[in-house]
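What follows is a short report on a single structure.
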Amino acid sequence: HGRSFYNLGMDYKYRFHRFSIQGEAALGISGMAFMNQVLYSPLQDIRLMLVHRYYSHDYWAMFAHSFSEGSSVQNENGWYLAASVSPFSRWTFFISADLFSFPWWKYRISKPSKGVDVMFQVTYTPRKSLSMYFNYRYKQKERDVTGTSGAVIEPIYHHKLRYRLTYMPGRYIFRTTIDYNHFRQQDGKGYRFDRRQGYQCTQLCSYTFPFPLSVSVQGTWYHTDDYDSRVYASERGLLYTFYTPSFYGKGFRYSAHLRYDLSKNFMFLAKFGQTVYQDRETIGSGNDEIPGNRKADLQMQLRIKF
């Protein structure tokens with residue numbers, strides 16, 4: 001609102017032996033935002049990182065993006081600590097912990113709240129063309145209990161498991177991803193948990209031809225109890241974009257991606273995808289309602305360099 005707007009920002013970076021310190025500060029028309037990061041590598045195979053961010057509730061900037069738990073650079077304060085260690089050949093261990101808080105109310109939480117996000121991942125790369133990883137992620141936050149109009153607030157617990165295998169023989173790429181989600185929240189009485197879970201399996205197959213043409217196809221099967229146990233599956237998109245749709249309910253999705261570099265000056269991309277829901281007869285509501293259980297999308301892009 002208003003007739004004028006401004007946003008000022010400043011960033012810095014400093015290196016000292018094995019330390020690297022960097023950060024950014026921004027001042028808006030009313031609020032402010034800070035993010036500072038410290039990197040330390042005592043040995044070649046050990047890397048430590050500490051990140052602190054503070055975004056005031058009234059800070060706002062057009063197209064602002066930053067490291068955060070929420071979807072916007074607002075109303076957040078947090079500390080993130082991560083460590084990566086490679087004690088053995090072909091093995092890498094990663095662990096992180098994010099302690100965050102929201103000083104003001106947020107969507108589905110009627111008071112200041114806090115939470116924690118912890119992840120552990122182990123990666124094994126037996127050879128250049130084959131790699132796999134397994135990770136476990138635990139997140140705890142606070143949320144209003146449905147139907148209480150914000151009078152009752154209980155913590156929610158989210159457990160996620162993922163296994164991914166990538167095999168790249170020659171011009172091929174095969175990637176398999178398996179996810180499991182377990183979500184639970186107390187019922188407001190403090191002793192009974194409402195539990196939901198979700199699964200998904202995604203298979204990607206890609207091939208790059210000897211001439212400048214690459215094609216990839218991907219299929220995802222998912223089965224979740226509700227929206228809280230939803231799953232995500234990343235897909236290849238157009239240049240400078242990314243697409244990670246979420247799925248809940250029962251169904252599957254398939255997509256195809258094609259890139260053709262006609263010459264040094266011309267490049268053409270096309271992507272087609274379709275989601276099939278097996279637990280509903282209509283998709284969406286209101287003017288966006290689709291009669292049927294299938295939803296398709298088509299994207300095309302032509303890039304010309306001068």
Side-chain angles (χ1 to χ4, degrees), residues 1-16 19-41 47-84 94 96-119 137-146 149-151 153-156 158 160 227-228 230 232 234-235 237-246 288 299 301:
H1 299 281
R3 302 175 60 88
S4 62
F5 172 80
Y6 71 86
N7 189 273
L8 304 175
M10 177 183 69
D11 61 87
Y12 69 91
K13 186 173 184 178
Y14 176 71
R15 288 183 177 272
F16 178 74
F19 281 93
S20 175
I21 304 174
Q22 56 187 341
E24 183 177 359
L27 178 66
I29 197 170
S30 58
M32 60 186 67
F34 303 94
M35 188 181 73
N36 297 283
Q37 175 180 285
V38 179
L39 298 174
Y40 176 56
S41 181
R47 292 174 294 275
L48 305 175
M49 179 173 62
L50 176 64
V51 180
H52 173 255
R53 76 264 190 193
Y54 170 77
Y55 314 132
S56 63
H57 72 280
D58 53 352
Y59 175 76
W60 193 85
M62 292 186 290
F63 314 116
H65 295 281
S66 186
F67 179 83
S68 64
E69 164 64 22
S71 58
S72 62
V73 188
Q74 279 182 330
N75 186 29
E76 186 169 329
N77 182 31
W79 294 87
Y80 176 82
L81 178 63
S84 177
F94 175 84
S96 67
D98 188 17
L99 308 175
F100 52 86
S101 63
F102 308 113
W104 285 59
W105 296 5
K106 283 176 61 69
Y107 172 66
R108 301 191 73 176
I109 175 69
S110 303
K111 70 166 188 176
S113 60
K114 59 184 178 180
V116 59
D117 188 349
V118 180
M119 189 183 79
R137 188 174 182 180
Y138 166 76
K139 182 183 289 188
Q140 177 184 335
K141 297 168 59 175
E142 295 176 301
R143 196 169 74 179
D144 295 344
V145 175
T146 304
S149 301
I153 297 173
E154 296 286 356
I156 60 174
H158 210 156
K160 295 183 179 181
Y227 181 76
D228 284 324
R230 62 191 179 277
Y232 296 86
S234 299
E235 292 183 359
L238 305 183
L239 283 181
Y240 321 119
T241 66
F242 63 92
Y243 184 53
T244 307
S246 63
D288 295 326
Q299 299 176 338
Q301 182 180 29

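The residues of the chain are indexed from 1 along the displayed sequence.
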S30: what forms a side chain to side chain contact (heavy atoms under 4.5 Å, CB included) with it, not counting sequence neighbours?
-> D58

With K160, which residues qualify under side chain to side chain donor-acceptor pair (under 3.5 Å), at least two apart?
-> none

State, to 0.1 Å, how close Y59 and G28 come at their nearest heavy-atom pair, and which atoms those are.
-> CE1-N, 3.9 Å

Minimum heavy-atom distance between M119 and F94, given as atom pair plus value | CE-CE2, 3.5 Å

Atom of L48, atom of A83 and distance for their closest heavy-atom approach | CD2-CB, 3.5 Å

To the nearest 0.5 Å, atom CD of E235 lies from atom OG1 of T244 at 8.5 Å

W60 vs F5 aromatic rings, parallel, tilted or perpendicular, using cut-offs 30° and 60°?
-> perpendicular

Salt bridge (charged side-chain N to carboxylate O under 4.0 Å, His left out) against K114, all qualifying residues, sequence neighbours excluded | none

Among pairs that include at least one residue of residues 20-32, which meet salt bridge (Lys or Arg N to Asp or Glu O under 4.0 Å), considering only residues two or more places apart or in two chains?
-> none

Taking only residues two or more places apart in sequence or in another chain, which ones pass side chain to side chain donor-acceptor pair (under 3.5 Å) with Q22?
-> none

Using the test side chain to side chain donor-acceptor pair (under 3.5 Å), find all partners of S66 that sit at least two apart in sequence or belong to another chain.
-> Y55

Ring pair (Phe, Tyr, Trp, His ring centres under 6.0 Å) partners for F67, two or more places apart = Y80

Pairing residues for E69 by the salt bridge (charged side-chain N to carboxylate O under 4.0 Å, His left out) criterion, not counting sequence neighbours = K139, K141

Answer yes or no: is there a side-chain heavy-atom contact under 4.5 Å between K111 and D144?
-> no

Could you list the residues that satisfy side chain to side chain contact (heavy atoms under 4.5 Å, CB included) with N75, not counting sequence neighbours?
-> H57, F102, P103, W104, K106

Spacing of CG belonging to L50 relative to OH belonging to Y40, to within rounding of 0.5 Å | 14.0 Å

What pair of heavy atoms forms the shortest contact from V73 to A33, and how long is it?
-> CG1-CB, 4.5 Å

Got a sec, which residues hit salt bridge (charged side-chain N to carboxylate O under 4.0 Å, His left out) with R108, two or more places apart in sequence or on another chain?
-> none

Spell out, as yes or no, whether a donor-acceptor pair under 3.5 Å connects the side chain of W79 to the backbone of H52.
-> no

So do N36 and Y12 actually touch side chain to side chain, heavy atoms under 4.5 Å?
-> yes

Residues which pass side chain to side chain donor-acceptor pair (under 3.5 Å) with S84, listed by chain and number, not counting sequence neighbours | R47

Which atoms form the tightest heavy-atom contact between E142 and I153, and what is the distance?
-> CB-CG2, 4.2 Å

Just wondering, do R143 and D228 contact through their side chains at under 4.5 Å, heavy atoms?
-> yes

Check whether any side-chain N or O of S56 sits under 3.5 Å from a backbone N or O of M32 as a donor-acceptor pair, and report yes or no.
-> yes

With sequence neighbours excluded, give me every salt bridge (Lys or Arg N to Asp or Glu O under 4.0 Å) pair touching residues 74-83.
-> R53-E76

